[in-house]
Each structure stands twice: as structure tokens, then as C-alpha cells.
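Keep in mind it's a predicted model, so treat the numbers as computed, not measured. Whatever order the structure lists them in is the order used to number ligands and atoms, beginning at 1.
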Amino acid sequence: MDASPAGNTTGIPRWGLPPWTIQLHADPSDLPKEVDFAIVGGGFTGLAAAAWLRHLEPGKQVAVFEASRIGARSSGHSGGMTLSETAAGNMPGLGDVLAGFSSILRELQVDCDQTLPGAFEIGRQNVMPNSPIEWNDSGALGVTREVPGGTIDPGKMLSGLAQRASGAGALLLESAPVESLYQEESAVLTVQGQAVRAGRVLLATNAESLELSGLAGRAQPKFTMAVATEPLTDEQISSLGLASGKPFYTVDLPYLWGRVFHANRVIFGSGLVHLEDWRELLALNVVEGRACELLSELEGRVRRLHRALRSVRISHRWGGPILIADKWEPIFKRHTEHENVIVLGAYSGHGVALSVYLGAWAAEAMLGRRELPEWQNATNASAPLQQMP
Ligand SMILES: Cc1cc2nc3c(=O)[nH]c(=O)nc-3n(C[C@H](O)[C@H](O)[C@H](O)COP(=O)(O)OP(=O)(O)OC[C@H]3O[C@@H](n4cnc5c(N)ncnc54)[C@H](O)[C@@H]3O)c2cc1C
């Protein structure tokens, strides 16, 4: 695997370019015949699980099977805002996501420009008297509350997790789509027509391969958009109320989120393209159709938000998939048809910190050191996985 530019340029160029790159240095490998742990999906979730598995058990064979390139989908197209809890709020037994996320990054020595200054909830009602943000977007928009949160550089987090996983001995296999999964004495994955046996499997395939993960009809894939401005001056950033580096998201509609990125670019995001089938993602193009319309609307909104943005140049436009499950609760459970297969994902656009936090948890569950979480697993399903054969 060569050093690659942003995963999306080699993944799905039609999704547009975010303002970061993914740096990887790993050699191509042959497909293994057998591994202790197979991880399907090379986004934040799969890479965190792989890195954590090798961190805890350096002697176990771990392979990540990525259909495209590392970070090519949601993770490489994310906004990089780190938020506490889940899109559905706190869940029974979830724990402190941001503290856990920070500690995992620290322990794995992943440098991704993480900051945790807090986050602004913004809205059109109940605005704080001294709101640092005074924008105009379907009414006066200001800060309603400050909550825990922060930001990372998604390119650096992907590169860091991938390098950590591969440096610790996990196999990172790109262009290795898992075509099917069946059960013999152990789980068997079919990759490019070849069988790979695995003691345990984690499916971290997010909005795609919903038949494989057993989520077809149970979770909704969507496509959402973001733009980045050209670098602004410190004065412009201050007048926007963003000098503290706190990311922001609306708590009412129309939805808007954003953050300052390196060199004083501001990233803004909004809009959902609805899909009948996840395969539509593969043909989706941000320069045409509904995604293009929504990006134009977003750019117009950005320029009307504040005088500092009136004639701002937009340097990057992109989009990516998210997966929304019932009640917006993340899915973290045993596969309905396979005993030793865990399915993890569907963070509903709230997955930057959660993917790493739960990815590491999935690694511990695969090692039999931790139970699956309470919120989705019936009593018998939350028991530790069977002993490794
Ligand atoms: C525009 C945008 C902005 C966002 N902003 C934020 C934000 O600011 N804060 C936040 O918390 N969340 C945000 N999110 C959501 C967050 O990025 C995701 O929740 C997170 O990246 C999901 O990571 P993942 O590893 O589960 O999925 P992905 O990164 O999508 O990885 C899944 C991987 O599985 C691979 N795959 C699929 N099928 C197969 C197969 N059969 N075989 C092998 N590989 C397969 C795919 O190629 C893909 O690389 C945003 C998302 C988007 C699109």
C-alpha cells in the first residue's frame, strides 16, 4: 500500500474532496487463509478495533478487509467534530465516550490534533444573553448551551490508527471486499473468491453491505454534505464567534453544524440525500442531482450567516454516507445469524469519537474480556462470546 492522497480520491472521487489527506505506508499483502480476528471495513471503527486488538494481544493475527481504500467512505469524509454520548443521547452502560476516546488515542499514540474545548449548541430560541455567535439563519441563531466536545483532523486520525494497527502487526488489506460470510467450524469470509477462516469477525461496514451485516431494512443509509471555506483572517474568525475553537451544531431546524479547521478554514455541514438502496451511494455524484442542489443551498446559507462570510470563497465541497438505525441508537450487537460475528455502526452522523470508543470495546468483546453493551443485547446475547476454538 503506497502513501495515498485523501482516501476519497482513490475511493469515490465523485463524493468530492475534504481539506485533509490520509497518509499510509504499508505494503500490499497476500490474502491470509486463516486469522484469529477478521475486521471488515477500514474506517475509524475497523481501524480502532484492529489497533486495539493488537495493542492488547500482540500475538493474535488480525486482518482488516477494506473494499476500497482505508478511510474511503464516511471516515475520510467526516467533519471531525467529537461529541459525547450518541445521537440518541446517553445509553445504558455507555460510559464516558470522550474520556474513553481520548485515553484510547493517547494509549495508541495517535496524534490527530485532538482538542477538547467544548462545543456550542446553537439555536433560534433560548439564546444565551452573551452568545459569542450572532448569526442569521432562518432567524437569529446563537449559542443556547455549551457541552463537552471538540475536534480532530480526520485524515490524521485515519492515518494514525492505520499506522498504529499496521505497525503493531495487523494486516491492512485494501481492495479486499468481503463478498459473503458463512459458518463452518469457524466463520468463513469470501474475499475475491477466496475463503478466509476467522475465529471472530467484526463487521464495521457502516452504510454499505447491509445484507452482509444483517442491517438491510433495519437501518437507513443517507448521504450528507459539507463545505470548507478558504482560510479566513483571525478577525473574521473572532467576529464569527469561533475563536475558542469550539465546534457547533444546531439543536433545532434547519440543521447546521461546523468547526474551524487548520489555517482558519471553517467547515459547515447540512443536508441529507435519501436513498432507497445503499448501492445508490456508489453512483452518487456531488456535482449533480440532489447532492449538488443541497451543496448550493448550504453555500448560500453560509454566505448569509454573517457579514464576515458574505463573499467567502468555498474551497472544498464533499459528502459522505451515514447510517441511521431505529431511534438513532448505534448498533453494537451479535450478528443475527452468526454467533461469533459482531456488528458495529450506525452512529447517525455522530460517529467520530464513538467509532473509536466502541471499536476498542468491540476488540475487548472479541477477546472475551468484555460483554456487549446492554442497550441492544438481550441478557443471553450480552454474555461473553464463546471461547476461541
Ligand atoms: C459529511 C460527513 C460529516 C460528518 N461529520 C461528523 C462529525 O463532525 N462528528 C461525528 O461524530 N460524526 C460525523 N460524521 C459521521 C462519522 O464520520 C461516521 O460515523 C464514522 O466515520 C463512521 O466510521 P465507520 O468506520 O463506522 O464507517 P466508514 O468510515 O464508512 O467505514 C466503513 C468501511 O467499510 C468498508 N466496507 C463496506 N462494505 C465492505 C465489504 N463488504 N468488505 C470490505 N469493506 C467494506 C467501506 O469501504 C468503508 O471504508 C460525518 C459523516 C459525514 C458523511
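- Evaluation of the ring pair (Phe, Tyr, Trp, His ring centres under 6.0 Å) rule for His335 yields His338 as partners, not counting sequence neighbours.
- Side chains of Glu299 and Ser296: a donor-acceptor N/O pair is absent below 3.5 angstrom, by distance only.
- With 3.5 Å as the limit, one finds a donor-acceptor pair spanning the side chains of Tyr347 and Thr45.
- Under the 4.0 Å criterion applied to side-chain N and carboxylate O atoms, Glu211 and Arg279 are assigned as salt-bridge partners.
- Within 4.0 Å of ligand 1, contacts by protein heavy atoms are made from Val40, Gly41, Gly42, Gly43, Phe44, Thr45, Phe65, Glu66, Ala67, Arg73, Ser74, Ser75, His77, Ser78, Gly79, Gly80, Met81, Ala176, Pro177, Val178, Ala204, Thr205, Asn206, Glu208, Ser209, Leu212, Thr224, Trp257, Gly320, Pro321, Ile322, Tyr347, Gly349, His350, Gly351, Val352.
- Remark: the backbone N or O of Leu309 is not paired with any side-chain donor or acceptor of Gln236 at under 3.5 angstrom.
- Considering all non-hydrogen atoms of both residues, Gly42 and Val64 come closest at CA-CG1, 3.9 Å.
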